[in-house]
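All remarks here apply to the structure that follows.
The basis for the numbers below is simple: all heavy atoms, side chains too, and nothing from hydrogens, waters or symmetry mates. Counting starts at 1 for both ligands and their atoms, in listed order. Here, residue 1 is the first one in the sequence, and each next residue gets the next number.
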Amino acid sequence: MRILLTGVNGQVGSALKPLLMSLGTVQAPPRGELNLADARAVEAWVRHHRPHLIVNAAAYTAVDRAEQEREAAFALNAQLPEQLGCLQREWGGVVIHYSTDYVFDGTREGPYTELDTTAPLGVYGRSKRAGEEGLMSSGVPVMIFRTSWVYGLHGRNFLRTMLRLGQERAEIRVVNDQWGAPTWAGSIARGTMEVLATVDRSVSSENPWAEGWRGKEGIYHLTNGGATTWYDFTRRIFELRPECRALVLPIPSGDYPSPVQRPTNSRLDNAKLEKVFGVRLPHWSKALEDCLAELPSAMHEVLLTENNEG
Ligand SMILES: NC(=O)c1ccc[n+]([C@@H]2O[C@H](COP(=O)([O-])OP(=O)(O)OC[C@H]3O[C@@H](n4cnc5c(N)ncnc54)[C@H](OP(=O)(O)O)[C@@H]3O)[C@@H](O)[C@H]2O)c1
């Protein structure tokens with residue numbers, strides 16, 4: 001099996017790479033080897049290597065900056081997935097892709113299901129929704145996993161920022177009126193592998209993935225279980241890492257000005273994933289413990305010295 005993994009240096013991509021290697025030959029060109037915003041380069045790469053499976057973990061994820069960089073956001077989040085779908089369709093390959101809670105406006109009362117109407121609030125969310133639509137319309141067998149509030153020990157994310165600020169500051173203010181499920185990149189990678197493990201690859205065809213996915217293609221919500229606010233998430237992080245001594249104060253979103261509004265309710269209902277594949281990710285609090293258990297003590301210095309977005 002030939003697998004193309006994009007975004008290998010990102011949070012989800014870096015968690016996926018070692019796991020995907022158990023399924024076949026993984027090629028994971030970093031940005032310097034394959035610029036995914038260069039449609040010609042992408043076309044040449046895919047036509048040459050003909051991966052059975054593309055796992056597209058690359059994205060333009062700078063939510064605020066996307067308001068000024070619409071073209072860059074749409075190139076990665078909208079045009080790229082559609083192009084990957086069209087290229088895979090040419091020869092019978094398949095695609096796994098990731099999307100976001102930001103396709104919703106957050107006004108619903110309970111958790112969002114895959115059937116709920118999308119209404120993104122900003123450029124990032126619109127570009128991700130366009131990517132879902134483009135990929136689905138390409139006609140390729142596809143699984144799109146919408147996830148939320150991704151964190152991990154690699155890359156820029158809320159957990160790392162809080163671990164740093166918790167040690168640097170006496171007091172931090174954290175938004176307490178947005179609800180969602182913080183989701184560990186490690187859980188997303190494992191959940192993806194669990195879904196793949198349910199696919200029957202014994203069928204004899206040039207690409208057994210394509211046969212095995214029949215009837216199961218589509219969008220799935222894939223987040224850690226439960227829900228919380230950024231404020232309570234921070235408090236739990238600090239409980240688990242006592243060296244983070246900063247006092248955590250709750251604030252409303254309005255006190256944290258940003259160029260784009262975030263959904264108040266980011267909760268995604270994972271029932272479809274469990275019903276179709278029998279896959280359920282751990283509760284967010286357990287996943288956080290698992291993630292922090294992988295934090296080597298040397299990491300503290302890295303966290304304190306790296307250039308982390310605040
Ligand atoms: N982060 C979140 O909170 C969140 C929430 C919901 C859904 N998601 C979705 O989850 C998926 C994975 O997100 P993530 O947090 O793992 O993202 P991430 O850490 O920001 O990683 C994105 C990856 O895409 C790569 N990339 C971006 N532009 C590229 C280009 N022009 N050429 C080649 N590579 C390029 C980056 O490369 P470099 O390393 O070179 O920059 C990076 O490796 C995405 O679909 C995202 O939309 C994320």
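Where the criterion is an N or O separation shorter than 3.5 Å, residue side chain and backbone included, Tyr98 meets it with respect to ligand 1. Note: no N/O pair closer than 3.5 Å links Ser148 and ligand 1 by distance alone. Remark: ligand 1 and Thr147 share no N or O pair separated by less than 3.5 Å (distance only, no angle test). Checking only distances, Arg31 does come within under 3.5 Å of ligand 1, N or O to N or O.
Of all the atoms in ligand 1, the ones that sit under 4.0 Å from a non-hydrogen atom of Leu76 are 28 (N), 29 (C), 31 (N). Listed by number with element, the atoms of ligand 1 under 4.0 angstrom from any heavy atom of Leu34 are 32 (N), 33 (C). The distance from ligand 1 to the heavy atoms of Asn35 drops below 4.0 Å at these ligand atoms: 30 (C), 31 (N), 32 (N). For ligand 1, the atoms sitting less than 4.0 Å from at least one non-hydrogen atom of Ala37 are 31 (N), numbered in the order shown with element in parentheses.
With respect to atom 43 (O) of ligand 1, the closest heavy atom belonging to the protein is Gly10 N, 3.0 Å. Summary of contacts: the protein heavy atom closest to atom 13 (O) of ligand 1 is Thr61 CG2, 4.1 Å. Looking at atom 16 (O) of ligand 1, its nearest protein heavy atom turns out to be Val12 N, 2.9 Å. Ranking the protein heavy atoms by distance from atom 44 (C) of ligand 1 puts Ala59 CB, 3.5 Å first. Of all protein heavy atoms, the one closest to atom 47 (O) of ligand 1 is Tyr124 OH, 2.7 Å. The nearest heavy-atom contact from the protein to atom 32 (N) of ligand 1 is Leu36 N, 3.0 Å. Of all protein heavy atoms, the one closest to atom 23 (C) of ligand 1 is Gly7 CA, 3.8 Å. Among protein heavy atoms, the minimum distance from atom 4 (C) of ligand 1 is reached at Val150 CG2, 3.4 Å.
In this structure, Arg241 fails the cation-pi test against Phe238, since its NZ or CZ atom is not both closer than 6.0 Å to the six-membered ring centre and inside 45 degrees of the ring normal.
Using 4.0 Å as the threshold, Trp149 has a heavy atom nearer than that to some atom of ligand 1. Remark: distances from the non-hydrogen atoms of Ser99 to ligand 1 include one below 4.0 Å. Contact analysis leaves Asn77 out of contact with ligand 1, as no non-hydrogen atom separation drops below 4.0 angstrom. By the 4.0 Å heavy-atom criterion, Ala57 is counted among the residues contacting ligand 1. Distances from ligand 1 to the non-hydrogen atoms of Tyr151 include no value under 4.0 Å.
Residue contacts with ligand 1 for Lys128 involve side-chain atoms from C-beta outward but no N, CA, C or O (heavy atoms, distance under 4.0 Å).
Here the side chains of Thr229 and Val175 are not in contact, with every heavy-atom distance at 4.5 Å or above. For the pair Pro51 and Gln27, the minimum side-chain heavy-atom distance is 4.5 Å or more. Leu16 has its side chain within reach of Thr192: a pair of non-hydrogen atoms, C-beta onward, lies under 4.5 Å apart.
A ring-ring contact (aromatic ring centres under 6.0 Å, His included) with Trp149 is found for one member of Trp230, Trp284, Trp179, Trp184 and no other, namely Trp230. Checked options Asp232, Val248, Leu288; the residue passing with Ile237 is Leu288 (criterion: side chain to side chain contact (heavy atoms under 4.5 Å, CB included)). Considering Asn224, Thr223, Thr147, Thr113 in turn, Thr223 is the only one that fulfils the side chain to side chain donor-acceptor pair (under 3.5 Å) rule with Asn270.
A salt bridge links Glu90 with Arg47: the distance from a Lys NZ or Arg NE/NH1/NH2 to an Asp or Glu carboxylate oxygen falls below 4.0 Å.
Within 6.0 Å of CZ on Arg235 lie no more than 12 heavy atoms contributed by other residues, nucleotides or ligands. In Arg89, the CZ atom is not crowded: 12 or fewer heavy atoms of neighbouring residues, nucleotides or ligands sit closer than 6.0 Å.
Looking only at atom types and distance, the side chain of Ser99 has a donor-acceptor partner in the side chain of Glu132 under 3.5 Å away.
Ring to ring, Tyr60 and Phe74 are not that close: their centroids are 6.0 angstrom or more apart. Close placement of the Phe158 and Phe233 rings is indicated, their centers lying within 6.0 Å of each other.
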